[in-house]
Enquirer: 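Sharing a structure here in structure tokens format.
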Amino acid sequence: MKAQLEPFFSLSVLGLIVPFIVAYALSRERWRKRSRGLPLPPGPKGLPFIGNVADLHKPEVWKAHRELCNTYGDVVYLTALGLPIVILGSPRVIFELLEKRSSLTSDRIQSPMVPLVGQGGNFSLMPYGNWWRQHRRAFWQHFLPASIERHVSVQRKYAQVFMRMLLEDPTRLCDHIRYTFAATVVKITYGVDVARTNDRYIQLIEKVLSVVVAFTPGRYFIEAFPILRYVPEWVPGAGFQREFREWRAAAEEVTASLYREATERGDEDAVNSVVAELARRPEQGRDDATSPLNLDVVRNVGFTAFEGASRQARPRLSIADTTVSTLQSFFLAMSLYPEAQRKAQAELDAVIGPDRLPDYNDRASLPYVNAVVKEALRWQPVLAFSLPHMTVEDMEYSGYFIPKDTLLMPNSWACLHDPEAYPEPERFIPDRFMRDGKLDPSVRDPTRFAFGYGRRICPGRHFADATLFTNIAMILHAFDITPPLDENGKAIVIEPRMTDAMLCFPLDCRCTVTPRSSKARELILAEDP
Ligand code: HEM
């Protein structure tokens with residue numbers, strides 16, 4: 001009997017194995033054709049299924065990735081749960097892939113959560129294509145270098161508010177920084193003044209902000225199984241649908257009510273706001289300025305700026321938290337490097353004098369303060385890997401095959417901490433940008449890395465740079481920044497370290513902030529912001 005069954009079992013086993021072998025051979029052949037026989041870039045071997053997840057979850061992962069590049073070269077291949085990832089480790093490969101070939105490398109990874117929780121209008125998360133382009137063009141019209149002049153008075157006003165807040169309560173430095181940037185962006189975008197406390201917009205902001213928990217890895221299965229989005233809310237266990245609905249409603253309410261404020265209020269600030277101007281302007285190539293498409297773009301552009309601004313009220317992942325984090329690093333740097341602070345103050349004393357505060361128009365005559373701004377952007381980079389890009393097609397680079405839908409992670413931190421370009425990169429040294437009392441154009445400009453690359457480069461960079469300059473110049477002119485003191489009045493030494501996240505903040509930026517003189521105090525209080 002056993003002997004009779006043996007051929008049957010052998011045939012069944014063969015019947016199972018052969019299709020696998022054929023499928024494997026076919027997929028190898030398809031891959032060979034697709035990659036034209038080119039190898040993937042080199043990289044460490046990953047584990048089955050999870051791949052190199054461990055390589056992506058290390059403390060100060062930017063340093064770990066620099067080590068990988070030292071071992072494997074400037075282009076390193078990893079995978080995480082099936083997602084192909086390429087680390088770009090030098091300025092040369094970053095510019096070649098993200099700038100010269102940006103038509104192929106300007107996509108973003110798409111999470112199924114984004115539209116479900118009401119973030120579909122945030123264009124920094126949109127896929128590369130026409131819809132994203134329309135948003136970016138509309139945003140850019142208001143943030144290009146020639147438009148910055150228009151925002152200078154609002155930036156100055158809120159820098160003054162910030163200084164008053166520091167005079168009143170210097171211990172709440174981080175809260176004041178967040179408030180001042182959020183208020184600046186909301187004012188410019190919608191013409192709305194955000195009060196310091198009990199503001200109805202702060203409450204709306206809080207509501208939208210609560211969406212961040214949706215992006216906590218592992219919180220919702222939908223991230224891994226997008227099909228779950230079709231489960232109706234009444235099904236037991238589908239309570240997440242209710243939460244998603246509430247977030248969508250909050251985002252809609254915020255966008256709609258701020259949009260109404262900007263377009264219906266009619267006072268000068270509202271009429272001149274970014275959103276009101278965009279709403280009046282017909283889209284390029286279209287006559288109908290009120291078509292639904294146009295209206296969506298206007299509202300989304302406002303929402304993207306608003307999202308950035310409101311996130312600053314509470315630090316989480318958002319594009320414009322970047323300005324907050326950079327200014328926090330600046331305060332820390334000043335308390336740790338008094339020599340740099342003294343030089344910047346000496347320049348301000350000589351150029352501006354004791355009778356007024358500096359402003360944006362003084363920029364050209366304050367090279368050392370400009371060097372401080374550059375060093376603040378370089379020293380503790382906020383987005384160590386920029387916002388990663390994604391490839392839209394299979395491509396070849398330097399003899400390697402890079403598949404479509406590969407995440408490209410430029411190691412901006414490594415470029416900003418390259419000891420050849422910046423000797424002693426861990427130290428805050430504005431003098432590295434100076435030669436003969438002027439900015440030295442031969443030194444690698446940190447803004448080439450801090451603000452990202454190619455078609456996705458930060459469109460708020462000129463605005464951010466101007467905000468940083470205005471705040472840094474005014475603060476240094478009016479305040480001394482020294483280390484924090486313990487209960488015995490002894491200076492606490494703070495080790496500068498950043499949080500381990502995609503968007504980094506100084507772990508500790510406590511410092512002591514005091515007016516430089518009674519004259520400085522008078523200057524701060526003299527003008528009513
Ligand atoms: C120091 C401050 C800032 C830094 C360091 C910074 C940096 C960046 C970086 C690295 C990116 C990703 C670029 C890429 O994908 O290659 C980005 C994107 C973006 N930033 Fe900024 N940013 C800052 C301030 C701002 C501000 C104040 C705004 C708005 C007013 C803004 C608006 C945006 C937008 C809308 C995007 C998405 C662009 C797109 O996907 O097309 N940023 N930023």
Side-chain angles (χ1 to χ4, degrees), residues 88 94-95 97-99 102 105-110 114 121-129 131-140 142-144 147-148 151 154-155 158 177 180-190 274-275 300-312 317-330 373-374 376-390 407-413 415-416 446-472 502-505:
L88 310 176
I94 291 175
F95 294 141
L97 278 167
L98 302 187
E99 305 226 313
S102 64
T105 59
S106 295
D107 209 359
R108 290 264 195 249
I109 191 165
Q110 291 307 301
V114 168
N122 186 337
F123 79 84
S124 61
L125 306 173
M126 284 179 188
Y128 180 61
W131 188 231
W132 160 80
R133 208 171 280 116
Q134 285 179 50
H135 287 80
R136 190 163 165 117
R137 206 186 290 135
F139 183 95
W140 182 234
H142 289 272
F143 291 94
L144 45 80
S147 306
I148 295 307
H151 306 315
V154 176
Q155 287 170 331
Y158 282 101
I177 294 179
T180 187
F181 283 112
T184 309
V185 178
V186 172
K187 179 78 178 176
I188 284 166
T189 312
Y190 295 100
V274 168
V275 162
N300 290 343
V301 164
F303 181 66
T304 307
F306 164 81
E307 268 278 287
S310 55
R311 287 276 183 274
Q312 296 178 44
L317 181 81
S318 121
I319 43 169
D321 277 340
T322 42
T323 326
V324 172
S325 172
T326 309
L327 204 67
Q328 288 179 354
S329 288
F330 154 78
V373 176
K374 281 184 193 289
L377 284 164
R378 183 204 70 81
W379 184 51
Q380 308 248 59
V382 186
L383 286 161
F385 296 103
S386 181
L387 290 181
H389 292 209
M390 196 115 179
L407 198 68
L408 300 174
M409 294 181 68
N411 194 343
S412 302
W413 177 89
C415 302
L416 292 167
T447 59
R448 291 290 288 118
F449 301 91
F451 290 113
Y453 312 97
R455 298 183 186 188
R456 287 279 188 170
I457 192 171
C458 173
R461 62 194 183 281
H462 301 292
F463 175 82
D465 191 45
T467 309
L468 285 172
F469 174 82
T470 306
N471 279 278
I472 287 177
M502 168 103 173
L503 196 149
C504 312
F505 285 85

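Counting starts at 1 for both ligands and their atoms, following the listed order. Treat the numbers as computed from the prediction; the structure is a model and nothing was measured.
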Enquirer: I want to know if ligand 1 touches Ser386 in the polar sense, i.e. an N/O pair below 3.5 angstrom.
Expert: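 Yes; at least one N/O pair falls below 3.5 Å.
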Enquirer: Check each heavy atom of Arg136 against ligand 1 and say whether those closer than 4.0 Å belong to the side chain, the backbone, both or neither.
Expert: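 Only the side chain of Arg136 comes within reach of ligand 1.
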Enquirer: Salt-bridge test for Glu99 and Arg456: reply yes if a basic N is under 4.0 Å from a carboxylate O, no otherwise.
Expert: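 Here Glu99 does not pair with Arg456 in a salt bridge, since their nearest N and O are not under 4.0 Å apart.
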Enquirer: Does any N or O of ligand 1 fall below 3.5 Å from an N or O anywhere on Thr323, backbone included?
Expert: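 No, there is no polar N/O contact under 3.5 Å.
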Enquirer: Check ligand 1 against Thr326 and write out every atom of the ligand that is under 4.0 Å from a heavy-atom position of the residue.
Expert: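 Atoms satisfying the 4.0 Å criterion: 1 (C).
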Enquirer: Enter the distance from Thr323:OG1 to Leu327:CG here, rounded to the nearest 0.5 Å.
Expert: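 Interatomic distance, Thr323 OG1 to Leu327 CG, rounded to 0.5 Å: 9.0 Å.
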Enquirer: Is the terminal nitrogen or CZ of Arg108 (NZ for Lys, CZ for Arg) located under 6.0 angstrom from the six-membered ring centre of Phe123 and within 45° of that ring's axis?
Expert: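 Verdict for Phe123: no cation-pi partner in Arg108.
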Enquirer: Hey, do the aromatic rings of Phe463 and Phe139 have their centres closer than 6.0 Å?
Expert: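 Ring centroids of Phe463 and Phe139 are no less than 6.0 Å from each other.
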Enquirer: Does Arg108 approach ligand 1 within less than 4.0 angstrom via side chain, backbone, both or neither, non-hydrogen atoms only?
Expert: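 Near ligand 1, Arg108 shows its side chain, while the N, CA, C and O stay back.
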Enquirer: Is the contact between Leu383 and ligand 1 made by the side chain, the backbone, both, or neither, using heavy atoms and a 4.0 Å cut-off?
Expert: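 The side chain, only.
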Enquirer: Can you sort out which atoms of ligand 1 are near Ala464, meaning under 4.0 Å from one of its heavy atoms?
Expert: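 In order of number, 2 (C), 24 (C).
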Enquirer: Report, in ascending order of atom number, the atoms of ligand 1 lying under 4.0 Å from any heavy atom of Ala450.
Expert: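 So the atoms of ligand 1 that pass are 5 (C), 7 (C), 10 (C).
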Enquirer: Does a side chain donor of either Thr184 or Gln155 reach within less than 3.5 Å of an acceptor in the other side chain?
Expert: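 Short answer, no.
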Enquirer: Could you tell me if any non-hydrogen atom of Val185 lies under 4.0 Å from any atom of ligand 1?
Expert: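 No.
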Enquirer: Answer yes or no for Arg461 and Phe143: cation-pi contact, defined as NZ/CZ to six-membered ring centre under 6.0 Å and angle to ring axis within 45°.
Expert: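 No.
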Enquirer: For Cys504, is there any backbone N or O sitting under 3.5 Å from a side-chain donor or acceptor partner on Ser325?
Expert: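 Side chain of Ser325 to backbone of Cys504, a donor-acceptor pair under 3.5 Å: yes, one is there.
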Enquirer: Between Ser102, Ala305, Gly460, flag the one that comes closest to atom 28 (C) of ligand 1 by a heavy atom.
Expert: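 That would be Gly460.
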Enquirer: List the residues meeting salt bridge (Lys or Arg N to Asp or Glu O under 4.0 Å) with Asp465, not counting sequence neighbours, and say none if there are none.
Expert: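 Only Arg363 meet the salt bridge (Lys or Arg N to Asp or Glu O under 4.0 Å) criterion with Asp465.
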Enquirer: Do the side-chain N and O atoms of Tyr453 and Ser412 include a donor-acceptor pair separated by under 3.5 angstrom?
Expert: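 A donor-acceptor contact under 3.5 Å links the two side chains.
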Enquirer: Please compare Phe139, Phe385, Phe463, Tyr453 and report which has the shortest non-hydrogen distance to atom 29 (C) of ligand 1.
Expert: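 The nearest heavy atom belongs to Phe139.
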Enquirer: Where's the contact between Thr322 and ligand 1, heavy-atom distance under 4.0 Å: side chain, backbone, both or neither?
Expert: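 Near ligand 1, Thr322 shows its backbone as well as its side chain.
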Enquirer: I'd like to know whether ligand 1 has Trp132 as a neighbour, heavy-atom separation below 4.0 Å.
Expert: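 It does, in that a heavy atom of Trp132 comes within the 4.0 Å cut-off of ligand 1.
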Enquirer: I need the contact type for His389 against ligand 1. Using non-hydrogen atoms and a strict under-4.0 Å cut-off, is it side chain, backbone, both or neither?
Expert: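 The answer is the side chain.
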